[in-house]
*Asks:* 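This is the structure I want to talk about, given as structure tokens.
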Amino acid sequence: MRLEELSALCREAVRDLVGKEQRPLPAAVVLPRPEATRIVVLHDLPADETTRASALDRFVEAEMRPVNAPCYGFMGEAELDSGDGTVEVAMVVFGARQQGAWVTAAPLGPAGLGDFLDDEPLDPHAMPWLVPLQRAVDQAGPPDVTAVR
């Protein structure tokens, strides 16, 4: 899956999440797989960054490593400083094996989800609690093309 396809898939998953969930949006992880894309809602993701990273480490061991996940998307609600104050946004961080993490966001308002900003590389020092997700996909091996389906 190319990064552009992963971005589009994650944006669609956020639109779906906005339509189904109450605000604030819960955190969720998108795991694209050849057989099906899985979206795992993390209703109880801790607020503390250290505890959150530990929770994502457990998620990686339970959900990503067993399927050799080569990419992911993380989404949730956040506040973005617009210069004129803060704006509530649906945030998406996505990454793939050896491609690094990228981020985008769209404003959340009474009318729903607005337009997404252009994707940009995620600053390596921003959101350090997401490192377990990127580390897992960077360590994933190539897909098994010999497996019987």
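Bear in mind that the values here come from a model prediction, so they are computed numbers and not experimental data.
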*Asks:* My understanding is that only residues two or more places apart in sequence, or in another chain, count here; which of them pass side-chain contact (heavy atoms from CB on, under 4.5 Å) with S7?
*Replies:*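 Residues passing side-chain contact (heavy atoms from CB on, under 4.5 Å) with S7: R11, F94, D119.
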*Asks:* Check this for me, if you would: do R52 and D48 make a salt bridge, where the nitrogen-to-carboxylate-oxygen distance has to be below 4.0 angstrom?
*Replies:*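 Judged by the 4.0 Å cut-off on N to carboxylate O distance, R52 and D48 do not form a salt bridge.
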*Asks:* Could you note down all residue pairs passing ring-ring contact (aromatic ring centres under 6.0 Å, His included) where residues 60-79 supplies at least one of them, sequence neighbours left out?
*Replies:*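 Every pair satisfying ring-ring contact (aromatic ring centres under 6.0 Å, His included) with a residue in residues 60-79: F74-W129.
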*Asks:* Tell me which pairs pass side-chain hydrogen bond (donor to acceptor under 3.5 Å, both in side chains) where either residue lies in residues 83-99, with sequence neighbours left out.
*Replies:*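 Found R23-E88.
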*Asks:* Please list, chain by chain and in numerical order, all residues satisfying side-chain hydrogen bond (donor to acceptor under 3.5 Å, both in side chains) with Q139, sequence neighbours excluded.
*Replies:*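 Once residues adjacent in sequence are excluded, the partners of Q139 under the side-chain hydrogen bond (donor to acceptor under 3.5 Å, both in side chains) criterion are R65.
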*Asks:* With ILVMFWY side chains joined below 4.5 Å, transitively, what does V67's cluster contain besides itself?
*Replies:*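 V67 shares its hydrophobic cluster with no other residue.
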*Asks:* How does the hydrophobic cluster around V131 look, that is, which other residues are in it when side-chain heavy atoms under 4.5 Å mark a link?
*Replies:*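 So far as hydrophobic clustering goes, V131 is joined with none.
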*Asks:* Looking at residues at least two apart in the chain, or sitting in another chain, which of them share a side-chain hydrogen bond (donor to acceptor under 3.5 Å, both in side chains) with E120?
*Replies:*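 Scan of E120 (side-chain hydrogen bond (donor to acceptor under 3.5 Å, both in side chains), adjacent residues dropped) gives none.
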*Asks:* With sequence neighbours excluded, what pairs up with H125 under the side-chain contact (heavy atoms from CB on, under 4.5 Å) test?
*Replies:*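 Expected list: D123.
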*Asks:* Going by side-chain hydrogen bond (donor to acceptor under 3.5 Å, both in side chains), name the residues that satisfy it together with D81, two or more places apart in sequence or in a different chain.
*Replies:*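 Once residues adjacent in sequence are excluded, D81 has no partner under the side-chain hydrogen bond (donor to acceptor under 3.5 Å, both in side chains) criterion.
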*Asks:* For S54, check side-chain contact (heavy atoms from CB on, under 4.5 Å) against everything at least two apart and list the hits.
*Replies:*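 Expected list: R58.
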*Asks:* Between V30 and V92, is a side chain to side chain contact (heavy atoms under 4.5 Å, CB included) present by the stated rule, with each step listed?
*Replies:* CA-CA 10 Å; V30 178; V92 177; over 6 Å; no
*Asks:* Using the side chain to side chain contact (heavy atoms under 4.5 Å, CB included) rule, take M75 and L25 through it: C-alpha gap first, then chi angles, then the decisive distance, then the call.
*Replies:* CA-CA 9 Å; M75 49 195 177; L25 292 177; over 6 Å; no
*Asks:* E63: what forms a side-chain hydrogen bond (donor to acceptor under 3.5 Å, both in side chains) with it, not counting sequence neighbours?
*Replies:*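 side-chain hydrogen bond (donor to acceptor under 3.5 Å, both in side chains) check on E63 returns R38.
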*Asks:* Let's go through T37 and L9 carefully: what are the C-alpha distance in whole Å and the side-chain angles of both, what is the deciding distance for side chain to side chain contact (heavy atoms under 4.5 Å, CB included) to 0.1 Å, and is it a yes or a no?
*Replies:* CA-CA 9 Å; T37 295; L9 178 69; 3.9 Å; yes
*Asks:* With sequence neighbours excluded, what pairs up with D115 under the side-chain contact (heavy atoms from CB on, under 4.5 Å) test?
*Replies:*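 For D115 there are no side-chain contact (heavy atoms from CB on, under 4.5 Å) partners, ignoring immediate neighbours.
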